[in-house]
Amino acid sequence: MEIIAPTDAGLEKAAGILASGGLVAFPTETVYGLGGNAWDPRALARIFEAKRRPAFDPLIVHVAGIAALDDVADLGALVPGARTAAGSLMEAFWPGPLTLILPKRSRVPDLATSGLPTVAVRLPNHPVARALIELSTGAVAAPSANPFGYLSPTRAEHVAAQLGDRVDLIVDGGRCPVGVESTVVDVSGPVPLVLRPGGLSLERLRSVVPGIEVLDRTDPAPKAPGQLANHYAPRRALRLVPPGALAGARPESRAAALVFDAAGRDRLGDAAPRFAAVRVLSESGDAVEAAANLFDLLHELDAGDYDEIWAERVPDEGIGRAVNDRLYKASKKT
Ligand code: TXA
Ligand code: MG
């Protein structure tokens, strides 16, 4: 595995590897993706293998422009209301941290979609991702570049540490600015449904399509693949507590605390010395900054000399919902 800078020559090299069936990790605005040629079933199989990802969990196909979307998805197969909603969402939020579930074209390999009649499509807003997709095969399948179930990578070093030689090349584009994965919205049915909270907030989605609903995680019949509770998890145990509850915490082992803001750190009060380290997601209590720092800090704490991570939930609004979703899933590892 080699790490290169996103120079013209570097991108040419990466595109060549993708075109010949290899795997390239690359930055997007959300997290690093583990990319393979979306048209090549062998490359897709290598992605599942490299991540140790179960084959029932489908991939996101990344395109660089609306023209390529038509190669991947069949918008004409949507019911009229959904077609309007899909169009409005693309217009408002693409390129950006939004993935849409759409009817798939038959030429998209079944491996990409785990045999589903729908395909997840995203137009990322990161110059390196866009250039790479355009230079290679026009459609790049890319899950987050982490082993299945583990913390998502927001830096090239995270990918190198986690995947090593299971990836042929890593394009180092620095830190991912959004820091949590894209919001996944299923527009393939009559009512648009958020399957995964992410970098684009529900409030912003509803400002464009007010009728969007949110998948009910307490519903026992899973409507979305890949929604296993134990995801995004560090190796250390992560305990998730309500805001303010760390003040009463009595960790029995060497623990690190992760709080939302400076006020959260102050609230720790007498409990602070009981933690071996205290980290703050955003000093000023800015949810966008908290999301950008989330996986970075979890990687740091997971690599540190702690037995446990105790984290406080953040305010459940805007992108804070995605932060809470990731913390909740990280806490469910057993
Ligand atoms: O921000 C992101 O979305 C990152 C970057 C690299 O683009 N990618 C990412 O991919 O998070 P991944 O594979 O970790 O998550 C894809 C999610 C999974 O929850 C998967 O189950 C869902 O999208 N998904 C994919 N295809 C689907 C489909 N046809 N129907 C429903 N959900 C689907
Ligand atoms: Mg993932």
Side-chain angles (χ1 to χ4, degrees), residues 1-6 10-28 30-62 99 109-114 120 122 124 126 128-129 131-133 135-137 139-176 179-182 225-226 228 230-236 295-296 298-300 302-303 326 329-330 333:
M1 176 265 302
E2 189 191 348
I3 304 184
I4 55 162
L11 289 172
E12 288 285 352
K13 177 169 182 172
I17 291 175
L18 284 174
S20 60
L23 300 187
V24 174
F26 62 95
T28 79
T30 56
V31 301
Y32 274 77
L34 175 64
N37 177 3
W39 306 119
D40 179 355
R42 278 174 319 147
L44 298 173
R46 286 194 61 200
I47 294 176
F48 282 94
E49 160 82 21
K51 270 188 73 107
R52 313 275 191 256
R53 178 173 173 126
F56 58 74
D57 195 0
L59 307 174
I60 297 175
V61 176
H62 296 67
T99 294
D110 282 333
L111 255 180
T113 63
S114 302
R122 174 156 124 74
H126 192 294
V128 173
L132 184 58
I133 296 163
L135 277 173
S136 59
T137 60
V140 174
S144 48
N146 51 284
F148 184 70
Y150 189 60
L151 297 173
S152 296
T154 48
R155 296 175 187 268
E157 304 88 81
H158 297 158
V159 183
Q162 296 179 24
L163 291 179
D165 283 333
R166 286 187 257 163
V167 52
D168 298 310
L169 185 73
I170 301 172
V171 183
D172 186 351
R175 241 185 119 186
C176 300
V180 291
E181 295 84 347
S182 61
L228 302 179
N230 56 345
H231 241 84
Y232 312 110
R235 292 191 187 83
R236 312 271 173 272
F295 283 121
D296 242 32
L298 286 175
H299 275 285
E300 184 213 315
D302 205 26
R326 304 307 186 263
K329 287 177 177 159
K333 189 189 78 166

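Hydrogens, waters and symmetry mates are skipped; everything else that's a heavy atom, side chains included, is used.
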Exercise for review: Taking all non-hydrogen atoms of both residues into account, name the closest pair between A160 and M1 and its distance.
Suggested key: CB-CE, 3.9 Å

Exercise for review: Could you list the residues that satisfy salt bridge (Lys or Arg N to Asp or Glu O under 4.0 Å) with R166, not counting sequence neighbours?
Suggested key: none

Practice item. Just grab all the side chain to side chain donor-acceptor pair (under 3.5 Å) pairs involving residues 39-50, residues at least two apart or on different chains. Key: R46-D168

Exercise for review: Could you tell me which residues satisfy salt bridge (Lys or Arg N to Asp or Glu O under 4.0 Å) with D172, sequence neighbours excluded, listed by chain and number?
Suggested key: none

Review point. Quick one: CD on E181 to OG on S152, what's the gap to the nearest 0.5 Å?
Key: 3.5 Å

Review point. Taking all non-hydrogen atoms of both residues, which atom of A38 and which atom of L44 are closest, and how far apart?
Key: O-CD1, 3.7 Å

Exercise for review: State, to 0.1 Å, how close A45 and L111 come at their nearest heavy-atom pair, and which atoms those are.
Suggested key: N-CD1, 3.8 Å

Point to revise | Closest contact, heavy atoms only, A145 versus L163 | key: O-CD1, 3.4 Å

Output a table of donor-acceptor pairs, distance under 3.5 Å, between side-chain atoms of residues 12-22 and any protein atom two or more places apart or on a different chain; print 'none' if there are none.
unit_1, atom_1, unit_2, atom_2, d
K13, NZ, E2, OE1, 2.8
S20, OG, G16, O, 3.0
S20, OG, I17, O, 3.2

Practice item. Give, for atom CG of L34 and atom CD1 of I47, the distance between the pair rounded to the nearest 0.5 Å. Key: 5.5 Å

Review point. Nearest heavy-atom pair of F48 and D57: which atoms, and what distance?
Key: CE2-O, 3.3 Å

Review point. Can you tell me how far the CG atom of L298 sits from the CG atom of L151, to the nearest 0.5 Å?
Key: 5.5 Å

**Study point:** P124 side chain near I133 side chain, heavy-atom distance below 4.5 Å
**Key:** yes

Revision key, fill the gap. Applying side-chain hydrogen bond (donor to acceptor under 3.5 Å, both in side chains) to T137 and not counting sequence neighbours gives N37

Practice item. Kindly write out the residues that satisfy side-chain contact (heavy atoms from CB on, under 4.5 Å) with D296, not counting sequence neighbours, or none if the list is empty. Key: T154, R155, H158, R175

Check your understanding: Is N146 reaching over with its side chain to a backbone N or O of P153, donor-acceptor style, under 3.5 angstrom?
Key -> no

Review point. Just how far is it from atom CZ of F26 to atom NE2 of H126, taken to the nearest 0.5 Å?
Key: 10.0 Å

**Study point:** Sidechain-backbone polar pair: R53 side chain, P58 backbone, donor-acceptor under 3.5 Å
**Key:** yes

Review point. Tell me, do K51 and Y150 make a side-chain contact under 4.5 Å, heavy atoms counted?
Key: no

Review point. Any side-chain heavy atom of P147 within less than 4.5 Å of one from R52?
Key: no

**Study point:** Evaluation steps, side chain to side chain contact (heavy atoms under 4.5 Å, CB included), between R122 and T30
**Key:** CA-CA 11 Å; R122 174 156 124 74; T30 56; 3.1 Å; yes

Point to revise | Contact check, side chains of V128 and V171, non-hydrogen atoms, under 4.5 Å | key: yes

Practice item. Search all heavy atoms of F56 against all heavy atoms of S114 and return the closest pair with its distance. Key: C-OG, 3.4 Å

